[in-house]
Amino acid sequence: MMKKLLPVLFLIAGLGAGAAAGLFLTPGPAETVADAKAPEPHAEETAKADKANKTSGHSETSGKAGPYEYLKLTKQFVVPVVEENEISALVTMSLSLETRPGISEEFYKIEPKLRDGFLQVLFDHANIGGFDGEFTQSDNLEVLRRSLLEVARKDLGDDVSRVLIMSVSRQDT
């Protein structure tokens with residue numbers, strides 16, 4: 001009897017612990033309007049570092065003048081790899097864009113359109129075997145980056161200088 005009851009007790013204890021952790025670790029509402037508008041703690045440090053880089057002549061560049069802003073697409077991309085009319089693997093990928101500063105509002109307005117274009121490029125890449133074998137080889141990823149950059153520039157113009165692959169993984173089914 002006790003052997004049958006033990007898994008149920010563990011389940012209830014786990015659910016209770018998870019709920020309690022969720023309640024205690026959830027940030028509360030802002031106490032005041034000033035708290036709600038307060039910048040993130042690291043934002044002030046980043047702003048100071050950016051200001052120091054500008055005045056000292058250092059900037060995050062790759063041969064072009066001026067600093068860059070890095071905009072991360074909000075969700076990962078999931079790309080099926082199809083072989084013989086069946087899904088043989090799933091590839092997940094996180095992407096960011098290196099852009100000129102100040103276009104983040106425009107970027108987030110068109111992100112759905114951008115994601116659609118990126119997905120089409122990723123599906124095409126999967127269909128030609130780009131995610132088979134040694135898919136993380138630099139030549140394969142460079143071809144993919146160039147194709148993604150073309151799509152990004154079609155929607156955002158020359159404000160986008162690079163597409164960064166933040167993570168990529170393949171899970172065979």
Side-chain angles (χ1 to χ4, degrees), residues 3-27 40 42-43 46 60-64 67-101 103-173:
K3 288 183 180 180
K4 292 181 181 179
L5 202 54
L6 199 55
V8 174
L9 291 174
F10 282 135
L11 179 67
I12 292 171
L15 286 172
L23 288 173
F24 287 114
L25 297 177
T26 303
E40 296 284 330
H42 67 281
T46 304
E60 301 171 34
T61 63
S62 59
K64 298 180 183 176
Y68 294 106
E69 183 174 2
Y70 296 92
L71 303 173
K72 182 177 180 173
L73 280 90
T74 55
K75 296 183 212 168
Q76 287 186 336
F77 292 88
V78 179
V79 183
V81 177
V82 180
E83 292 177 2
E84 298 177 16
N85 293 328
E86 289 190 21
I87 295 176
S88 64
L90 290 175
V91 174
T92 57
M93 186 175 284
S94 296
L95 300 174
S96 291
L97 299 180
E98 182 181 79
T99 66
R100 75 166 173 79
I103 70 160
S104 59
E105 188 174 319
E106 182 182 349
F107 166 76
Y108 288 113
K109 281 182 185 176
I110 66 159
E111 185 181 6
K113 182 179 178 185
L114 201 57
R115 286 186 66 82
D116 177 64
F118 283 176
L119 268 175
Q120 188 59 59
V121 168
L122 292 169
F123 290 157
D124 291 344
H125 190 72
N127 289 334
I128 63 169
F131 293 119
D132 295 338
E134 295 179 9
F135 69 95
T136 58
Q137 190 177 29
S138 62
D139 292 340
N140 288 341
L141 292 179
E142 192 56 39
V143 168
L144 181 58
R145 279 188 189 98
R146 265 190 257 120
S147 299
L148 292 168
L149 182 59
E150 286 177 27
V151 170
R153 285 188 170 164
K154 195 180 301 180
D155 293 329
L156 290 169
D158 289 335
D159 291 333
V160 180
S161 57
R162 292 180 64 198
V163 174
L164 307 170
I165 299 174
M166 305 307 292
S167 68
V168 61
S169 65
R170 176 184 162 129
Q171 178 68 45
D172 293 325
T173 55

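Since this is a predicted model, take the numbers as computed values, not measurements.
By the side chain to side chain contact (heavy atoms under 4.5 Å, CB included) test, S147 is found to be paired with V121, residues two or more places apart in sequence or in another chain being considered.
At least one side-chain heavy atom of D132 sits less than 4.5 Å from a side-chain heavy atom of V81. Side-chain contact between D159 and L97: absent, with no pair of heavy atoms (C-beta onward) separated by less than 4.5 Å. Contact of the T92 side chain with the F77 side chain is not registered, since no non-hydrogen atoms from C-beta on lie closer than 4.5 Å. Using a 4.5 Å cut-off on side-chain heavy atoms (C-beta onward), Q137 and N140 make contact. Using a 4.5 Å heavy-atom cutoff, the side chains of L95 and L164 are not in contact. By the 4.5 Å heavy-atom criterion applied to side chains, L156 and L114 are counted as neighbours. At a threshold of 4.5 Å between non-hydrogen side-chain atoms, the residues D172 and R170 count as touching. In this structure, V168 and I165 have side chains that are in contact, with non-hydrogen atoms separated by less than 4.5 Å.
Y70 and E98 share a side-chain donor-acceptor pair at under 3.5 Å. Side-chain atoms of D124 and Q120 form a donor-acceptor pair, as typed in the model, at a separation below 3.5 Å.
E106 CD to D155 CG: the interatomic distance, rounded to the nearest 0.5 Å, is 9.5 Å.
For the pair E142 and R145, the salt-bridge criterion is met [side-chain N within less than 4.0 Å of a carboxylate O].
Applying the ring-ring contact (aromatic ring centres under 6.0 Å, His included) definition to pairs two or more places apart or across chains, those involving residues 127-152 are H125-F131. The ring-ring contact (aromatic ring centres under 6.0 Å, His included) analysis of residues 142-173, with sequence neighbours excluded, yields no pairs.
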